[in-house]
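Below is one structure, written out as structure tokens; comments come after it.
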Amino acid sequence: MTLSRFLSRRQFCLLPPPPHRPQALFILGMSDFSEELIKSTTEDDQGERCELSGTGMHFPWLQKHIETVATGGKKEKDFAQTTSACLSFIQEALLKHQWQQAAEYMHSYLQVLEDSDSCKRQAAPEIIWKLGSEILYYHPKSNVEAFNTFADRMKNIGVMNYLKISLQHALYLLHHGMLEDANRNLSQAETWRYGEKSSSQEVLINLIQAYKGLLQYYAWSKKKMELSQLDKDDYAYNTASQNMLDHSWKTSVNLGALIQIPGVWDPFVKGYVEMLEFYGDQDGAREVLTNYAYDEKFPSNPNAHIYLYNFLKREKAPREKLISVLKILYQIVPSHKLMLEFHRLLRKSEKEEHHKLGLEVLFGVLDFAGCTKNITAWKYLAKYLRQTLMGSHLAWVQEEWSSRKNWWPGFHFSYFWAKSDWKEDKALACEKALVAGVLSGKGCRYFRYISKQDHQVFRKKIKRMKKLVKKYSIVNPGL
Amino acid sequence: MDFPGSLRPTVFMTGPLGLSDVPDMSFMCSWRDALTLPESLPQNSENGVPHVAKGLLWEPETPGPLPLLPPGPDPWHPGLTAQDLLFRGGHPFQKQPRVVLDVTEQLSRFLWDHGDIAFAPLGKLMLENFKLEGARSRSKKKTVVSVKRLLQDLDGHQPWGCPWAYLSYRQRRFSILGGPILGKSVANLLGDLLHEELVTRWEQLLLDDAFTGGALAWVPGKTPRVGQLVYPAGSTLDKLYFQEVSLTPGGNPQVLRDPGHIQLRGPVRQVVTRTVQGESLLAVRSDYHCALWKISRQGRPAPLQVLQVEKGATGISLSPHLPGELAVCSRSGAICLWTPQDGLRRVYKDPDTLVFRDPSPWRWADFTAHPRVLTVGDRTGVKIVDTQVRGGDCHRQSSRTEQRHGVGWGRDLPEGMKSSRSVSPAGGDGAPDLGLGGLTRFLSQGPPGCGLLLFRGGAEASCQKGERVLLTQYLGEGSPESLHSTLHLICTQFSLYLVDERLPLVPMLKWNHGLPSAPLLARLLPPPGPGCPRPLLLGGQDGQLQLLHITGEEASTPRLAGPPQSLPSRNDSLSAFPVLEPKSQWRLQERLKAPTIGLAAAIPPSASTPILSLFQLSAAGDVFHQCLRLQADPGPDSCAPTVSWSPQATACCSQWLKALLEVPPAPPVWAAPTFSHRRLLGCVEQREVEGKVPEGLRAAMAEGRLLQQRDLGSLPTAEPPPAPEPGPDDELSKRLEAAWEGRAAAWWERRQGWSSGPRQQPKRHKRRTQLSSTFSSLSGRLELSDATSPPPSPDPEARPRPPGTPPSQELAQEHWARGVPSERQQTLRDYMAKLPLREDPLEDASAPPSQTSSIRATRSRQRTLQDNTAKPPLQMDTPEGVSVPPSQTSSIWATRSRQRTLQDNTAKPPLQRDTPEGAFVPSSQTSSIQATPSRQQTPVLSGSQRIRKKPRMGF
């Protein structure tokens, strides 16, 4: 009930222009530039006020301190006082999850749109949208229609928020599975223009277009599914594939622009590449992925390299190429699960330096706290250590070990881990014990603990482990 | 480890803070974070959209937290407020009130209270311009001022704009004469320093980062229900308490035993605990020391290591991977890693800030998913630094550290076993310093910038203008099971960021927390149940608490599950306490409002609904507890039921309150008398006031309690209005009468005698007695008339005199004091001590105890000031053999001496106190006793008030 009152009040207060200032909405709409100027100057003023000691830090709680000291100065008007009190009530209610109450306060807060202070009026729609949409998102009695009504009204108060609200509205619809509505929304926003195109506007329009492209990709993807179920000789197949071709063209226009802007665009890139690949534009796809992974203006996103690697793998690119891609991923995320694949590639390679890198990669993976129980990695390391030592590359092992010998024993090979590993995963314990024995000798507590265990299944394994350690341990080479 | 397959779309912009052209995606709301893209919809539409619990709510069991432990025995004072620092005058023409530090008032207060310090050297220079009492006026020059009269006049000077204040011609002359010298030199010398100090204090008031990270820790015990709370308490927070607590299934914690405590040498700022490979470790940061303990299975701490940080430590963190490893940051910008194997090793050093220039020396370090990689943070950003010693050139430092016997912080065990091992601290030459010197040659750290920025205060995270990092924290726990082993929490005054170390610079999550105070505390808790999101607690310095639900498996980005929630703060508990009289109520409120300096939480295993036990520590040393119950999908109509106080809760509160009120209130910081009294009203008037009523009033005021009817006794008899003077016609008629009788001349003489006699008699008498007593030591210079005059006759108003006190001595003292305002007695005494004319040290020898104490107080205050300004020596040893960083020592000294003074004053025999003059007690100190505890800027009563009939200034 409160909710509907809240919405009806919105209609009441927004549809007729305020009687005492007939031009208010017009001014709000047209004098955007001047209001922006006003806003920026007040912000500067505020900044100056806060930068008392020259640290430049801004303290949100500064005002509270100042208010305890009875300074003179212009008192806030009653109106401003009530609205700011109301705002704090809303925020409090939201944080206490009292949605009904928040909606009631919101109902009263809408009067801030008629504030005579222009910079407050300017900031109001954004605050109202933020809080109002949150209330409507979580309110137990809220529904999509209510949200739509609210969003449509908020878009048209002022001009600054149209694109942002449209985008969020579309995301909301997308989340609720209403792809059609979301698409319509985005299409409307896409064509919207106001004044000179500022760069932030441009980014937003690009984002909107990209989301539109993403929607088209979803539709395309769905059609692809349908197509795969159809018979190739069927008549329907041709129309469907024709449809897909159309989509692809539109989508590439929509997605291509955004992907050029630095950012994290994983879902867009993924979809775009999939479509390009489908239509046989391998070069285009490779270019997109290479750009996404190697452009320096972009953040170092591990996914960019993973996508490129997966693409190259699909393309059956030569091993050298794959290794070079993973080498960069190794530098960014040495703990990634693809590193084990990287190790396999390196192991198979003919180059000696790759063999050395293969050892380094394994050590690198096991450095990380999240990988300590990765049995594959331990197995690989145990095997590869033996292989390396057999190949008389003791120096490689010693090089890796020297920087780790003062913390790996405590990190991996402690008595605590020996006990808990043996309890939880005996196979893992055996692999680790072998590595421990090879790297830090027979005196290692982990090795000693495991080798003393008597277990039917693992007896043979432990015996073999002891033999290997005796043979290959780097602590006493030659023995 | 798996990386999320698809990250949330974000624009990436490089640039400075507050770049307005970035479409700020955080403009989007908290619900935006709950949104998911129907990613590759057709393939996995069934499990694509994860279930987001909309109404995830931790419901508090009581409307506010309850005190867990009785209040400590030490009084607590809230410290400076904005009112003490800011200019209170109005700026009528400004739209916004401006922050103006009140240097002028502070300076004039200083000059007023410590004029002896401020002006003594100048006074010496200007000696020839003063006529000291007893000295013959050698010249009639206008440049010579009589000291005594000047002081008398100044006594009545009303510094804070009293409308009755007036300037005597002497004051004017003095002001013209001395103004250019006195005003400028002191102001020039002190003004800058004072301003600097005030700026520091003000900055500290705005943001006190000493307690970053929190000083309360929960050390899990043998069973999941039992644990230990480790926290500092005591008035200076220098006692580290270990309190065993058991969590009942109902959620209410039970205090198990009396807490054990360890006495440390400095205030505890941060307490960190970690359980690594079954070993519980406890690290403590003080201002200049850090220490590490190992907690045994029985819960007993065993000292491992003490580190001295010469430049001051700003942060300490324990490794979640390797037992006993810790990282310490110092104000000099150095980060050191201490490991049991290698000892202390400096791994990073950069006195400059990372991203842009910021003056704050605050640094922070924490661990990452790689045990040999650290994060290094300052106000502008966070960097990832590899500390690995490559190529086998590991420089061992263990020879320089004293392991296992360095802890000289004796432990007081509850059983009374006092093992106060006063082993000389690891400081001195024992432990390597983290200062500038020392380890440079061992450094293998490349040039600054070789690390990787994890977080940059700038457009990358769409930071606002003026945004600064206040806290960074590694959220992983070291165990491979934890899902967030690569996540870092970064808090600024506006927002909270979650950053994955594998994708630096781009926050995975940003939430505008909107806390009205600095978020310096954060705790990520384990999920309360399988599949539940993890609660992340965020605590503001002023006690506000927020709880966020963080969800996200390893292969998906971290998200907020449901809207964040605010939790009750200690302030909300006020309603559980009984209503008190205003003074106690104010004290209680102040206590509840004390800044939060620690936060700990535990989720005890429970069969039914998950329970969260939340502990908070306040700066007053109070530990409060609150129990929260998870309400996972409440129905659509669930407006959180309003909880109310249970009888047990209110009983607990009143018990706590009772104990609190038994604690003596904090001795107020010494406050200057805001006005003193003109000595124009003579002793005659003062006599009349003596009586029961003012005594009662005075006693009530001295004790600071409410005025009750019995204090007043019978209502004071209203002073009879002055009797109508005999009208002029009366006099006229008498005169006429006399004239008629031919005795007009006789009448005139008689009349003359009447009018002049009573007026001049006391004045002359007063002057004489003063001079004779005060300056009798300046022998030979006395005026002949005074010297030969008979000893002063006993006062016409005979008053009770303490038995056993020789009347002459007492009189001498009294009169000595009477002539000069009490605040200036010390000044005068000092002067006289310096004078060449002085012959015998009478004053000091005969000074009554109260005066001695005042001398002591002043001296120690002087010393304090010198200590503060002088460059502190490396380490000071207090008589107890305890080394405290110099700045603390001085403050402790100051408090001690102040306290002692107060005790001396209060312990004075009552008889002496009854002496009518009351000038024994330096008024300044008395006023500090009587000063209202709120320390508002209302005029406080000065010492001489009690003998006054009417105060001059309005009450």
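These numbers were taken from a predicted model, which means no experiment stands behind them. Quick note on labels: first sequence line is chain A, next is B, and so on, each numbered from 1.
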When heavy-atom pairs shorter than 4.5 Å are enumerated against chain B, which of A:N303, A:N206, A:V333 gives the highest number? A:N303
Considering all heavy atoms, the nearest B:F12-A:K297 contact: CD2-O, 3.4 Å
Provide the closest heavy-atom pair for B:L7 versus A:N301 in the form atom of the first, atom of the second, distance. CD1-OD1, 3.5 Å
Return the orientation label for the A:H336 and B:F3 ring planes: parallel under 30°, perpendicular over 60°, tilted otherwise. tilted
Side chain to side chain donor-acceptor pair (under 3.5 Å) with B:Q493: which residues, sequence neighbours excluded? none
For B:R502 and A:P302, which heavy atoms make the closest approach, and how far apart are they? O-CG, 3.5 Å
Parallel, tilted or perpendicular for B:F494 and A:H58, by the 30°/60° rule? tilted
Select, from B:G514, B:P516, B:P323, the one with the greatest count of heavy-atom pairs under 4.5 Å involving chain A. B:P516
CG of B:D342 to CH2 of A:W407, rounded to nearest 0.5 Å, is 12.5 Å
Counting heavy-atom pairs under 4.5 Å with chain B, the top scorer among A:A210, A:G271, A:G410 is A:G410
Heavy-atom pairs under 4.5 Å with chain B - which of A:P299, A:G263, A:S414, A:S335 has more of them than the others? A:P299
Should the heavy atoms of other residues, nucleotides or ligands under 6.0 Å from NZ of A:K64 be counted, would the total exceed 12? yes
Looking at every heavy atom in both B:P504 and A:S300, which two are closest together, and how far apart are they? CD-OG, 3.9 Å
Which residues pass the side chain to side chain donor-acceptor pair (under 3.5 Å) test with B:T380, not counting sequence neighbours? B:D378
Can you name the closest pair of heavy atoms from B:R372 and A:N406 and give their distance? NH2-O, 4.4 Å
What is the minimum heavy-atom distance between A:F416 and B:Q277, and which atoms define it? CD1-O, 3.2 Å
With rounding to the nearest 0.5 angstrom, report the CH2 to CG distance, A:W61 to B:L515. 8.5 Å
